[in-house]
J.: 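Okay, here's the structure, questions in a sec.
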There are 4 protein chains.
Amino acid sequence: MTRHRVRDAACRVLQRKKLMFVNRIRIRVEFGDCDPANIVFFANYFRWFDQCTSALFRAAGLPLDELFKSHGVIGIPLVEAHARFFIPSKYGDELFAESCVTEWKQTSFVISHKFLSKGELAIEGSETHVWAAAHPTRAHRMKSVPLPQEVIRKLSATNGRSRKTGVRKPRARRKA
Amino acid sequence: MTRHRVRDAACRVLQRKKLMFVNRIRIRVEFGDCDPANIVFFANYFRWFDQCTSALFRAAGLPLDELFKSHGVIGIPLVEAHARFFIPSKYGDELFAESCVTEWKQTSFVISHKFLSKGELAIEGSETHVWAAAHPTRAHRMKSVPLPQEVIRKLSATNGRSRKTGVRKPRARRKA
Amino acid sequence: MTRHRVRDAACRVLQRKKLMFVNRIRIRVEFGDCDPANIVFFANYFRWFDQCTSALFRAAGLPLDELFKSHGVIGIPLVEAHARFFIPSKYGDELFAESCVTEWKQTSFVISHKFLSKGELAIEGSETHVWAAAHPTRAHRMKSVPLPQEVIRKLSATNGRSRKTGVRKPRARRKA
Amino acid sequence: MTRHRVRDAACRVLQRKKLMFVNRIRIRVEFGDCDPANIVFFANYFRWFDQCTSALFRAAGLPLDELFKSHGVIGIPLVEAHARFFIPSKYGDELFAESCVTEWKQTSFVISHKFLSKGELAIEGSETHVWAAAHPTRAHRMKSVPLPQEVIRKLSATNGRSRKTGVRKPRARRKA
């Protein structure tokens with residue numbers, strides 16, 4: 001598992017250098033999230049990625065439902081998703097998810113998620129979203145547009161140790 | 001299991017008497033539908049009830065998405081759901097679901113579902129839906145309205161043995 | 001909505017009289033929980049009922065995964081579920097769920113759930129579970145058995161205002 | 001969309017050259033699969049990937065549940081998943097999924113999925129699974145082991161046009 005610790009440390013280094021806004025949430029694995037192998041059915045991790053992204057925007061002062069109204073954006077459609085599964089989790093386990101934007105492109109951005117279980121990296125994944133406005137000429141279609149500076153600024157600003165969430169830090173982080 | 005057979009027979013009697021339109025679909029239990037007890041996680045049955053209701057309307061020539069446009073209805077919100085679980089199903093099992101309207105009220109209706117597994121009644125359930133139009137005076141609200149006669153007629157007409165679905169009849173029905 | 005308030009008050013009366021152990025959890029409605037009607041897809045409420053039941057047993061000092069090992073029970077299979085939907089909820093809403101056992105039978109029990117949204121009763125539902133042990137003579141089968149007194153006692157004992165969960169009480173309760 | 005057609009053609013070329021066993025299933029998008037944006041909630045695609053994988057093994061004469069018993073394998077845990085989303089799908093749409101193994105490694109393999117909607121590539125994704133046996137010395141743990149030749153052979157053999165599934169070929173393929 002040393003490999004995972006190194007990776008996790010790298011993430012924090014990234015955070016310090018690029019001053020990204022990081023949000024953490026706690027996820028409890030429920031009975032219905034697990035499959036006959038007695039571990040989380042993998043599609044649920046992607047459901048949780050979406051929950052993490054939603055929480056990240058909300059924590060940064062950009063709740064998605066309001067954002068859509070205030071910024072002329074009609075959605076942030078997902079164009080790519082990826083996950084690597086290192087440690088399975090089972091019913092009753094607690095996962096600590098940390099999420100931040102790790103890449104800004106012209107009209108899209110990448111959100112990375114790390115799920116820690118008992119201080120070890122259990123899952124890592126990423127989502128690529130497009131910033132989309134209503135299509136200027138075609139009804140019911142959307143068009144990718146440049147990201148507003150306010151959104152980039154709020155999700156790039158460091159928020160230190162993310163005290164707001166009240167999530168106790170998992171063991172691996174304390175050691176660092 | 002004799003009890004279940006009797007119940008199932010009663011259902012067919014009901015169908016003959018009231019001449020209800022019955023639709024049947026086949027559901028294969030997938031790995032991700034099952035929980036650590038190695039059986040279908042019960043919330044998935046309600047997901048399938050919705051799928052059955054959708055298929056029932058479509059088979060009766062009333063596909064829900066078009067219906068909303070053509071009949072001034074903005075939805076058929078669910079106000080009650082109920083299920084009884086007799087036989088658990090596991091990964092790889094095939095379920096034969098049969099659904100029909102079993103009660104017409106002024107502005108609502110009840111859809112009943114029976115799920116058969118190897119010819120035995122495994123699950124039975126019901127959903128009560130309201131027929132709802134846009135509220136005449138309040139924006140973004142809905143109001144229950146009387147059901148259109150066309151909808152009642154199409155879902156009440158007998159469709160015999162429902163040949164369209166191509167579902168091979170489960171054992172219990174062959175014996176009848 | 002007066003009707004719902006009355007019902008909710010009745011629930012608390014029941015709690016006081018029968019001294020049932022009540023647990024409360026907070027549920028945030030996520031984007032992926034909602035359907036094209038922009039409200040919670042109803043099957044998710046049943047998923048949350050299971051989460052509530054799991055939390056109820058855990059809060060009463062009877063975590064289900066340990067219970068199965070320590071009490072010779074191999075599961076608490078669900079035999080019936082029911083829900084009534086009064087107020088729809090949408091992405092971003094917070095629901096306060098309160099759950100307690102409302103009926104003890106010989107080998108089964110009923111858990112009732114109430115979901116409050118902004119102080120109003122949004123959903124109420126119930127689940128009937130059987131207490132099941134391994135079948136004495138047939139492999140891979142289960143048999144309903146009488147509930148252990150410890151389980152009945154712990155889930156019947158009043159826990160007052162459920163301070164543990166730290167859930168702020170919804171408005172309707174404060175008025176009472 | 002020309003880009004997608006090219007990609008799809010490339011897939012068929014791959015199939016011819018490497019003689020991979022390809023399975024096709026049809027997926028109907030249900031109401032509950034969609035989110036408030038009125039399109040499939042992305043986590044459901046991963047649920048369907050699992051369904052495709054299950055169907056692929058079954059079609060190749062290697063149903064997973066039996067495989068686990070007969071081949072000493074205790075599971076095929078997922079270690080990586082990836083998807084790219086090109087065209088959104090909505091309630092009522094029909095998707096044609098085609099799946100095959102695209103890479104054999106020592107103790108793992110990659111399954112690729114393509115979802116076609118109206119003849120266009122809507123989604124493509126992949127899953128990397130490990131072939132796992134019970135750990136020789138540690139209880140409740142698993143260990144990756146070399147894939148049985150029978151499994152490789154059956155999933156590598158060409159099956160021509162996959163007539164078994166009865167899925168009518170989407171438009172793009174007819175043109176080819």
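The chains referred to below are lettered A, B, ... by the order of the sequence lines, with proteins before strands, and numbering in each begins at 1. Computed over heavy atoms, backbone and side chain alike; hydrogens, waters and symmetry mates excluded.
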J.: Would you please go through residues 106-113 of chain D and name the residues with a non-hydrogen atom below 4.5 Å from one of chain B, in numerical order?
T.: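 None at all.
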J.: Write down the atom of D:N38, the atom of D:C34, and the distance for their closest heavy-atom approach.
T.: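 Distance-wise, the nearest heavy atoms are C-CB, 4.3 Å.
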J.: Looking at every non-hydrogen atom in both residues, tell me the closest pair between D:E127 and D:L78 and how far apart they are.
T.: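 Heavy-atom minimum between the residues: CB-CD1, 3.4 Å.
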J.: For D:N23 and D:A59, work out which heavy atoms get closest and say how close.
T.: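 So the two residues come closest at OD1-CB, 3.3 Å.
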J.: Report, in residue-number order, which members of residues 44-54 of chain B are under 4.5 Å from chain D by heavy-atom distance.
T.: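 Expected list: B:R47, B:D50, B:Q51, B:S54.
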J.: For the NZ atom of D:K118 and the CG atom of D:L95, what is their distance to the nearest 0.5 Å?
T.: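 Nearest 0.5 Å value for the NZ-CG distance: 8.5 Å.
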J.: If you round to the nearest 0.5 Å, how far is CZ of B:R24 from NZ of B:K114?
T.: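 Rounded to the nearest 0.5 Å, the NZ-CZ separation comes out at 12.0 Å.
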J.: Return the set of residues passing salt bridge (Lys or Arg N to Asp or Glu O under 4.0 Å) with D:K105 (not counting sequence neighbours), or none when no residue passes.
T.: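 None.
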J.: With a 3.5 Å cut-off and sequence neighbours excluded, list the donor-acceptor pairs that the side chains of residues 143-155 of chain B form with protein atoms.
T.:
from, atom 1, to, atom 2, distance (Å)
B:E150, OE1, B:H71, NE2, 2.8
B:E150, OE2, B:K154, NZ, 3.1

J.: CD1/D:I27 to CZ/D:F115 distance, rounded to the nearest 0.5 angstrom?
T.: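 The CZ atom of D:F115 is 4.0 Å from CD1 of D:I27, to the nearest 0.5 Å.
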J.: Roughly how far, to the nearest 0.5 Å, is CD1 of D:I39 from CG of D:D93?
T.: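 The distance works out to 11.0 Å.
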